[in-house]
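Okay, structure first, notes after.
Model, not experiment: these values are computed from the prediction. Position 1 is the first residue of the sequence; numbering continues from there.
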Amino acid sequence: MNGRRGDAGEPLLLGVRHHGPGSARAVRAVLEQARPGAVLIEGPPEADALIPLAAEEDMRPPVALLAHAVDEPGRSAFWPLAEFSPEWVAIRWALEHKVPARFIDLPAAHTLARADDDGADSDGPRVDPLGLLAETAGYDDAERWWEDAVEHRGAGKGDAVAPFTALEEAMTVLREEYGSGGHERDLVREAHMRLRIREARRECEDGVAVVCGAWHVSALRRGTTVAADRALLKGLPKVKTDLTWVPWTHRRLSRRSGYGAGIDSPGWYGHLFAARDRPVERWLTKVAGLLRAEDRIVSPAHVIEAVRLAETLAALRGRPLPGLGETTDAVRAVMCEGSEVPLALVHDRLVVGDVLGEVPAAAPAVPLQRDLARTQRRLRLRPEAGERELELDLRKETDAERGRLLHRLRLLGIGWGEPATARVGTGTFRETWRLRWDPELSVRVAEAGVWGTTVPAAATAKAESDAIGARGLAEVTGLAEHCLLAGLPDALPTVMRILADRAALDTDVGHLAQALPALVRSLRYGDVRGTDTAALAEVAAGLAARIFVGLPPACAALDADAAEEMRGHVDAVHGAVALLGDAPAPGLGDAPAPGHGRLRARWQSVLRTLSARDTVPGVIRGRSVRLLLDDGELTRDAAARLMGLVLSPGTPPADAAAWIEGFVGGSSGGGLLLVHDERLLGLVDAWLTGVPAEAFTDVLPLLRRTFSEYGTGVRRTLGELVRRGPGAHGGTAAGAPGFDPGPDTARADAVLPVVRLLLGPDGDDEGARGAHTGVTG
């Protein structure tokens with residue numbers, strides 16, 4: 001029959017390319033001409049009840065049919081549809097003309113049951129039909145061949161069925177040559193499609209139109225018996241499934257899911273479908289608008305010249321019209337001046353795009369999804385396909401609720417937002433998030449629905465379950481921190497009980513040191529969010545006390561790797577104690593007892609012990625001295641004396657170098673400190689120049705490794721400071737080289753005009769004198 005409906009009422013088989021705008025236009029043209037009584041579409045038949053939702057005003061493609069197993073929501077599949085997908089066009093035509101539309105592919109119940117065997121169709125290679133046709137036509141790019149053969153041929157002009165007839169003939173030859181082409185499951189799918197087509201033909205007197213992948217057309221036309229098709233379907237495994245519509249994105253249209261189709265340039269294809277005339281001119285105008293918005297100089301003359309170049313390239317390459325390759329080359333040469341940087345922006349924003357579809361509220365959804373949607377609307381936190389940064393001020397109630405929502409979703413495994421480093425300030429009143437809504441998050445929401453019907457209830461249940469199943473102490477403390485960030489007071493009692501039990505039984509100092517920072521951060525977060533953290537404070541103080549007792553013996557006789565790991569623990573505990581403040585030791589109240597005291601004083605005592613023990617690795621001893629020096633608990637002379645001990649003849653050169661690595665290692669920020677604190681630079685310089693000549697050769701490689709961790713700018717600045725020498729730095733302040741004993745009034749006077757300008761014309765001499773004092777001091 002070759003694509004047409006004959007006298008015997010044969011079905012009208014329209015073989016398409018999924019997401020092909022040319023196929024989409026041709027499908028509409030054929031349907032308008034043939035006016036079938038029913039439209040059958042490749043897709044899961046369980047979604048038939050969802051088809052009417054495509055007519056809703058708030059349904060905007062790209063969207064996708066999501067099928068997931070009821071008992072295992074993570075087992076899922078998507079059938080994406082864009083505005084330029086032939087299947088979407090067929091659905092919309094059927095709804096507009098009140099013609100029944102049905103899906104005829106293998107049910108999702110069978111597809112999901114076999115999801116684990118997705119790659120087990122055949123031992124041989126799988127055939128790429130479009131790739132084979134492109135190669136046969138002399139093309140090395142299937143996308144370019146499809147554009148020339150279909151997109152630029154004016155679908156719907158003249159005989160509307162002609163494109164489908166030609167494509168069917170080509171695919172028939174491929175099926176005769178390659179059979180299933182390695183897609184053995186297609187045989188089962190096609191058997192089910194044939195049964196559904198027969199059923200529709202019996203029910204519809206006006207004939208049926210079938211919209212499916214062109215690869216399947218010859219198989220659907222093949223004369224097989226009902227018994228043979230049912231035999232192929234007999235005994236297929238199945239699972240209970242739920243289906244719904246979910247928003248999709250252009251960026252995700254390249255994914256192989258559902259019917260396994262994908263495209264590389266959805267934004268370009270969407271433009272081809274929407275632009276009824278002069279697509280090249282319109283596309284290059286759109287590119288010019290994007291580049292102008294990014295402050296690049298692009299004039300109408302650039303657009304005219306780019307159009308001419310694209311048309312010339314198409315003629316030279318023997319193409320009917322300029323395609324994406326020609327327009328991209330023209331944009332690169334004319335608008336981007338050969339630079340790939342703005343061209344990458346064009347590809348990301350236009351060729352691919354970040355269009356996010358919408359689905360109506362009436363679409364089926366798990367209760368958790370509905371609660372999340374309501375919360376998003378209430379907080380004015382709209383999901384978007386493109387990545388964006390969100391700054392939150394937790395002192396504002398709306399921002400605080402937004403932060404709690406994002407933390408709850410992360411706890412549930414729904415990664416809509418990822419914490420980012422704040423651009424302004426380091427306090428706990430601000431949070432910065434990077435947000436991007438990916439379609440797969442709909443599956444994560446369905447999976448999380450087993451924990452509860454609302455986001456707070458589900459997050460609470462998940463936190464309690466994670467605490468019970470946690471393997472280590474650090475995992476439980478991290479969970480306690482997360483509960484405070486997410487505002488889950490109902491989960492904290494369970495988490496804290498398990499935390500206290502684990503902390504009491506765990507004797508590994510490394511585990512305790514890993515757990516303490518998260519607890520201390522939780523105390524700060526609790527202060528910001530007004531949460532009662534008394535239980536956390538008690539556990540944190542108890543952990544700190546146990547670390548103080550166990551750390552010195554745990555640091556003895558360690559190899560290099562273990563010593564480096566323990567140095568990280570020392571840094572973490574030091575930071576935690578600084579945040580914890582001068583809290584009393586547990587059980588002592590406000591009055592210190594003999595041998596005890598406040599946490600900060602006890603920690604400094606531990607550092608002194610570590611810095612003085614020969615059995616402690618050099619990297620830890622050096623780090624302890626550095627921390628004491630930074631806190632003002634060690635004088636310059638005392639630090640110099642400890643350095644001198646490291647240089648004693650009995651100290652192996654490797655241990656001396658490890659001491660220096662701990663003292664000024666790059667991971668501890670020593671590079672910048674050396675640049676800005678010439679006192680510390682003087683100490684290191686004096687130590688280095690005092691290394692005995694016979695040991696210097698052995699020490700040098702280790703020292704080079706330490707200083708190689710610094711950035712290029714830091715190393716260059718240090719070299720300049722050392723080259724100038726201490727005599728070029730001026731006097732000293734408190735014995736530190738590089739600091740003048742008094743203010744430099746000449747330099748201070750130079751800024752007075754600027755200060756007066758800032759103070760305004762009404763600023764008096766007294767204000768200027770005050771400014772002078774503030775500058776020079």
Side-chain angles (χ1 to χ4, degrees), residues 1-45 47-48 50-52 54-55 61 65 79 81-106 150 155-172 189-224 229 259 261 273:
M1 186 189 66
N2 293 334
R4 291 182 174 83
R5 191 174 70 247
D7 297 335
E10 290 293 323
L12 181 62
L13 300 180
L14 304 178
V16 302
R17 182 191 184 188
H18 303 299
H19 311 316
S23 291
R25 285 194 299 268
V27 163
R28 176 170 286 278
V30 173
L31 293 178
E32 289 288 352
Q33 177 180 302
R35 299 282 174 164
V39 178
L40 308 182
I41 303 163
E42 182 181 336
D48 284 353
L50 301 176
I51 290 178
L65 287 169
W79 284 262
L81 298 172
E83 184 180 12
F84 50 84
S85 298
E87 298 86 352
W88 179 259
V89 170
I91 289 173
R92 293 287 300 179
W93 185 90
L95 293 173
E96 291 167 6
H97 293 81
K98 297 181 172 50
V99 171
R102 303 174 189 170
F103 290 113
I104 61 172
D105 203 350
L106 190 69
V150 178
K157 297 178 182 179
D159 186 356
V161 185
F164 299 105
T165 302
L167 195 57
E168 178 182 345
E169 291 174 353
M171 290 296 181
T172 300
R189 296 172 58 201
E190 289 158 355
H192 188 270
M193 291 186 201
R194 287 192 292 266
L195 291 175
R196 293 298 298 264
I197 292 172
R198 292 188 186 103
E199 177 185 331
R201 288 174 60 193
R202 289 194 301 267
E203 297 175 358
C204 183
E205 297 180 355
D206 295 332
V208 299
V210 180
V211 179
C212 64
W215 177 254
H216 304 296
V217 172
S218 61
L220 298 185
R221 198 178 298 286
R222 186 184 309 132
T224 61
D229 288 340
Y259 42 63
F273 182 73

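- With a 4.5 Å cut-off on side-chain heavy atoms, Glu190 and Leu220 count as touching.
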Check your understanding: Taking it one step at a time, do Cys212 and Val217 satisfy side chain to side chain contact (heavy atoms under 4.5 Å, CB included)?
Key -> CA-CA 7 Å; Cys212 64; Val217 172; 4.0 Å; yes
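- For Glu205, the CD atom sits in a loose shell: 12 or fewer heavy atoms of surrounding residues, nucleotides or ligands are nearer than 6.0 Å.
- Of all heavy-atom pairs between Leu167 and Gly15, the closest is CD2-O, 3.7 Å.
- If you take CZ on Arg196 and CG on Leu106, they are separated by 11.0 Å, rounding to the nearest 0.5 Å.
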**Study point:** CA sep, side-chain torsions, deciding dist, call: Glu87, Val16, side chain to side chain contact (heavy atoms under 4.5 Å, CB included)
**Key:** CA-CA 9 Å; Glu87 298 86 352; Val16 302; 4.2 Å; yes
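- For Arg92 (side chain) and Ala54 (main-chain N/O), a donor-acceptor pair under 3.5 Å exists by modelled atom type.
- With sequence neighbours left out, the ring pair (Phe, Tyr, Trp, His ring centres under 6.0 Å) criterion links Trp88 to no other residue.
- Note that CG of Leu13 is 12.0 Å distant from NE2 of His216, once rounded to the nearest 0.5 Å.
- Remark: His97 NE2 to Arg35 CZ distance equals 4.0 Å, nearest 0.5 Å.
- When side chains are defined from C-beta on, Thr224 counts as touching Arg194, because their heavy atoms get closer than 4.5 Å.
- Taken to the nearest 0.5 Å, the CZ atom of Phe84 stands 12.0 Å off from the OG atom of Ser23.
- Atom OG of residue Ser85 and atom CZ of residue Arg17 lie 11.0 Å apart, to the nearest 0.5 angstrom.
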Check your understanding: Please walk me through it: do Leu31 and Val99 pass side chain to side chain contact (heavy atoms under 4.5 Å, CB included)?
Key -> CA-CA 11 Å; Leu31 293 178; Val99 171; over 6 Å; no
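- Taking every heavy atom of both residues into account, Glu32 and Trp93 meet most closely at OE2-NE1, 3.2 Å.
- A donor-acceptor contact shorter than 3.5 Å links the side chain of Asp48 to the backbone of Phe103.
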Exercise for review: Test Glu42 against Arg189 for salt bridge (Lys or Arg N to Asp or Glu O under 4.0 Å), laying out the working first.
Suggested key: CA-CA 10 Å; Glu42 182 181 336; Arg189 296 172 58 201; 2.7 Å; yes
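- Rounded to the nearest 0.5 Å, atoms CD1 (Ile197) and CD1 (Ile104) are 4.5 Å apart.
- Applying the salt bridge (charged side-chain N to carboxylate O under 4.0 Å, His left out) rule to Arg198 yields the partners Asp229; only residues at least two apart in sequence or on another chain are considered.
- His192 is listed as a side-chain neighbour of Pro45, based on a closest heavy-atom distance under 4.5 Å.
- Minimum heavy-atom separation, Pro100 to Gly37: CD-O, 3.2 Å.
- Ile91 has its side chain within reach of Leu81: a pair of non-hydrogen atoms, C-beta onward, lies under 4.5 Å apart.
- The side-chain contact (heavy atoms from CB on, under 4.5 Å) search around Ala24 returns Pro86, Val89, Phe273, not counting sequence neighbours.
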**Study point:** Stepwise side chain to side chain contact (heavy atoms under 4.5 Å, CB included) check, Ile41 with Arg102
**Key:** CA-CA 6 Å; Ile41 303 163; Arg102 303 174 189 170; over 6 Å; no
